[in-house]
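As the structure lists them, so they are numbered: ligands from 1, and atoms in each ligand from 1.
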Amino acid sequence: MLLCIDCGNTNTVFSVWDGRSFVCTLRTSTEHQRTADQYFVWFSTLLRHNGIEPDISEVIISSTVPRVVFNLRVFADRYFGTRPLVVGKPECKLPTAPRVDAGTQVGPDRLVNAAGAYERHGGELIVVDFGTATTFDVVAADGAYVGGVIAPGVNLSLEALHAAAAALPHVDITKPQAVIGTNTVACMQSGIFWGYVGLVREICTRIRAEYDRPMRVIGTGGLAPLFSTADVLFDSVEDDLTMHGLTVIHRYNKENP
Ligand SMILES: Nc1ncnc2c1ncn2[C@@H]1O[C@H](COP(=O)(O)OP(=O)(O)OP(=O)(O)O)[C@@H](O)[C@H]1O
Ligand SMILES: CC(C)(CO)[C@@H](O)C(=O)NCCC(=O)O
Ligand SMILES: [K+]
């Protein structure tokens with residue numbers, strides 16, 4: 001089985017692919033101190049808890065945090081006897097090379113999202129991912145990542161508000177009943193929720209105008225379903241887009257050694 005690892009700045013997700021579907025998905029916070037042995041204890045315990053034998057023969061990693069990759073490589077080697085494919089490294093090929101400024105290191109999660117979305121939908125897409133950052137990835141007709149937008153993530157904006165203003169509490173993100181809040185929490189929730197609805201709508205409108213072609217918009221990440229209840233922001237919402245992209249890139253590398 002193939003183990004797909006998506007390491008974000010906040011969370012790391014492990015998903016086991018049996019060739020047809022994801023049989024198990026596990027989430028842990030991203031910590032660069034975590035050792036290969038710690039990963040294995042956590043991973044094998046939870047797999048067994050889910051009734052799955054940790055029978056992993058291949059590993060693919062996408063990491064936005066460079067320093068966690070070393071221990072994940074040791075984990076793959078020590079416990080599964082395999083050399084992982086690491087997205088963004090020269091030995092990991094992409095189905096279509098990105099077209100960006102020379103020397104730019106595109107976040108591997110964005111390259112993976114582009115590959116996953118293209119495989120499902122074909123070209124001319126905007127992928128919106130609500131992770132630590134809210135990212136927009138533009139996918140051309142041939143599947144290439146050709147640029148995008150990086151905005152602060154929803155949780156990050158809320159945390160910044162709480163951290164910078166003594167009287168502002170920590171609040172959870174929800175869709176507020178009204179735009180005009182009549183208490184502090186409601187005011188903050190409204191600012192974040194409707195502010196991000198506007199941000200997503202405006203950025204997609206401007207990308208479409210600049211690109212000057214019809215484009216479909218795919219939403220992904222933990223908060224995409226919540227934002228899709230507010231407005232017609234997305235043509236489709238997919239919670240497994242990054243994981244799907246990892247299987248696409250893995251297959252491409254197997255078929256094009
Ligand atoms: N209503 C909600 N309010 C706050 N957070 C939510 C809500 N619904 C989902 N989430 C959060 O979304 C997160 C999952 O998002 P996702 O995996 O896309 O990004 P992340 O893990 O936060 O960031 P990264 O991938 O950059 O590490 C989870 O941490 C979950 O707590
Ligand atoms: C923007 C994030 C943090 C989103 O996870 C990640 O994709 C990243 O670190 N990117 C590097 C810069 C870039 O994508 O252009
Ligand atoms: K993510």
Side-chain angles (χ1 to χ4, degrees), residues 4-15 22 25-32 34 60-69 72 86-89 94 97-117 126-139 144-162 169-177 185-186 188-197 199-200 203 218-230 234 237-246:
C4 301
I5 304 178
D6 165 28
C7 229
N9 281 284
T10 310
N11 288 306
T12 296
V13 183
F14 283 48
S15 220
F22 290 107
T25 295
L26 306 170
R27 181 179 285 265
T28 182
S29 54
T30 300
E31 282 164 26
H32 72 265
R34 190 166 298 148
I60 181 164
I61 300 169
S62 158
S63 180
T64 59
V65 184
R67 53 202 302 204
V68 303
V69 174
L72 286 171
V86 180
V87 179
K89 298 285 178 218
L94 295 172
R99 290 193 286 279
V100 292
D101 298 350
T104 293
Q105 291 289 319
V106 183
D109 52 340
R110 306 177 72 195
L111 298 172
V112 172
N113 282 346
I126 305 170
V127 180
V128 187
D129 189 337
F130 295 87
T132 306
T134 301
T135 53
F136 297 73
D137 312 318
V138 177
V139 185
Y145 167 91
V146 292
V149 173
I150 301 172
V154 177
N155 277 311
L156 208 56
S157 297
L158 263 181
E159 285 305 318
L161 214 49
H162 167 57
H170 171 83
V171 303
D172 290 329
I173 303 152
T174 61
K175 183 180 175 183
Q177 298 297 320
V185 168
M188 292 172 68
Q189 285 172 332
S190 182
I192 289 293
F193 186 82
W194 295 113
Y196 272 87
V197 169
L199 180 146
V200 172
I203 288 176
I218 316 300
T220 191
L223 292 167
L226 178 66
F227 284 98
S228 69
T229 63
F234 312 117
V237 172
E238 290 158 28
D239 64 354
D240 65 343
L241 193 62
T242 313
M243 284 302 161
H244 175 65
L246 284 172

Below 3.5 angstrom, do we get any N/O pair linking Arg110 and ligand 2?
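N/O-N/O distance under 3.5 Å: yes.
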
Quick check: [X] and ligand 1, any N/O pair under 3.5 Å apart?
X      : value
Asp172 : no
Gly222 : yes
Gly131 : no
Thr10  : yes

With heavy-atom distances below 4.0 Å as the criterion, list the atoms of ligand 2 near Thr135.
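Once the distances to Thr135 are compared, the set is 1 (C), 4 (C).
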
Output the list of atoms in ligand 2 that are nearer than 4.0 Å to some heavy atom of Gln105, sorted by atom number.
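Listed by number with element: 11 (C), 12 (C), 13 (C), 15 (O).
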
Establish, from distance only, whether the side-chain atoms of Thr28 and Thr12 form a donor-acceptor pair under 3.5 Å.
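Not at all, the side chains of Thr28 and Thr12 share no donor-acceptor pair under 3.5 Å.
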
Could you tell me whether the side chains of Thr64 and Asn9 share a donor-acceptor contact shorter than 3.5 Å?
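Note: Thr64 and Asn9 side chains meet the donor-acceptor criterion.
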
Below 4.0 angstrom, counting only protein heavy atoms, does anything approach [atom]?
atom                    : answer
atom 1 (N) of ligand 1  : yes
atom 7 (C) of ligand 1  : yes
atom 30 (C) of ligand 1 : no

Got a sec: does the NZ of Lys89 have more than 12 other heavy atoms crowding it under 6.0 Å?
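Open: at most 12 neighbouring heavy atoms sit under 6.0 Å from NZ of Lys89.
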
Is any side-chain heavy atom of Val127 closer than 4.5 Å to a side-chain heavy atom of Phe136?
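No; the side chains remain at least 4.5 Å from each other.
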
Please examine the side chains of Met188 and Pro169, heavy atoms only from C-beta on, and report whether any two atoms are closer than 4.5 Å.
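Pro169 reaches Met188 side chain to side chain.
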
Just to confirm my output: which protein heavy-atom neighbour is closest to [atom], and how far is it?
atom                    : value
atom 17 (O) of ligand 1 : Arg27 NH1, 2.9 Å
atom 5 (O) of ligand 2  : Asp109 OD2, 2.5 Å
atom 9 (O) of ligand 2  : Thr64 CB, 4.3 Å

For ligand 1, which atoms sit closer than 4.0 Å to a heavy atom of Ile173?
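Answer for ligand 1: 1 (N), 2 (C), 3 (N), 4 (C).
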
Just heavy atoms, cut-off under 4.0 Å: does Asn9 contact ligand 1 by side chain, backbone, both, or neither?
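For Asn9, the contact with ligand 1 is made by the backbone alone.
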
Measure Asn9 to ligand 2 on non-hydrogen atoms and call it side chain, backbone, both or neither using the 4.0 Å cut-off.
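Just the side chain.
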
Roughly how far, to the nearest 0.5 Å, is OG of Ser29 from CZ of Arg34?
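Reported value, rounded in 0.5 Å steps: 5.0 Å.
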
Distance (rounded to the nearest 0.5 Å) between His244 NE2 and Thr220 OG1
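Atom-to-atom, His244:NE2 and Thr220:OG1 are 11.5 Å apart.
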
Which one of Val171, Thr132, Thr242, Leu156 has a non-hydrogen atom at the shortest distance from atom 26 (O) of ligand 1?
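Going through Val171, Thr132, Thr242, Leu156 one by one, Thr132 has the nearest heavy atom to atom 26 (O) of ligand 1.
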
Which option, Gly153, Ser63, Gly107, owns the non-hydrogen atom nearest atom 14 (O) of ligand 2?
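Shortest heavy-atom distance from atom 14 (O) of ligand 2: Gly107.
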
Aromatic ring centroids of Phe193 and Phe227 under 6.0 Å?
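Close enough - the centres of the two rings lie under 6.0 Å apart.
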
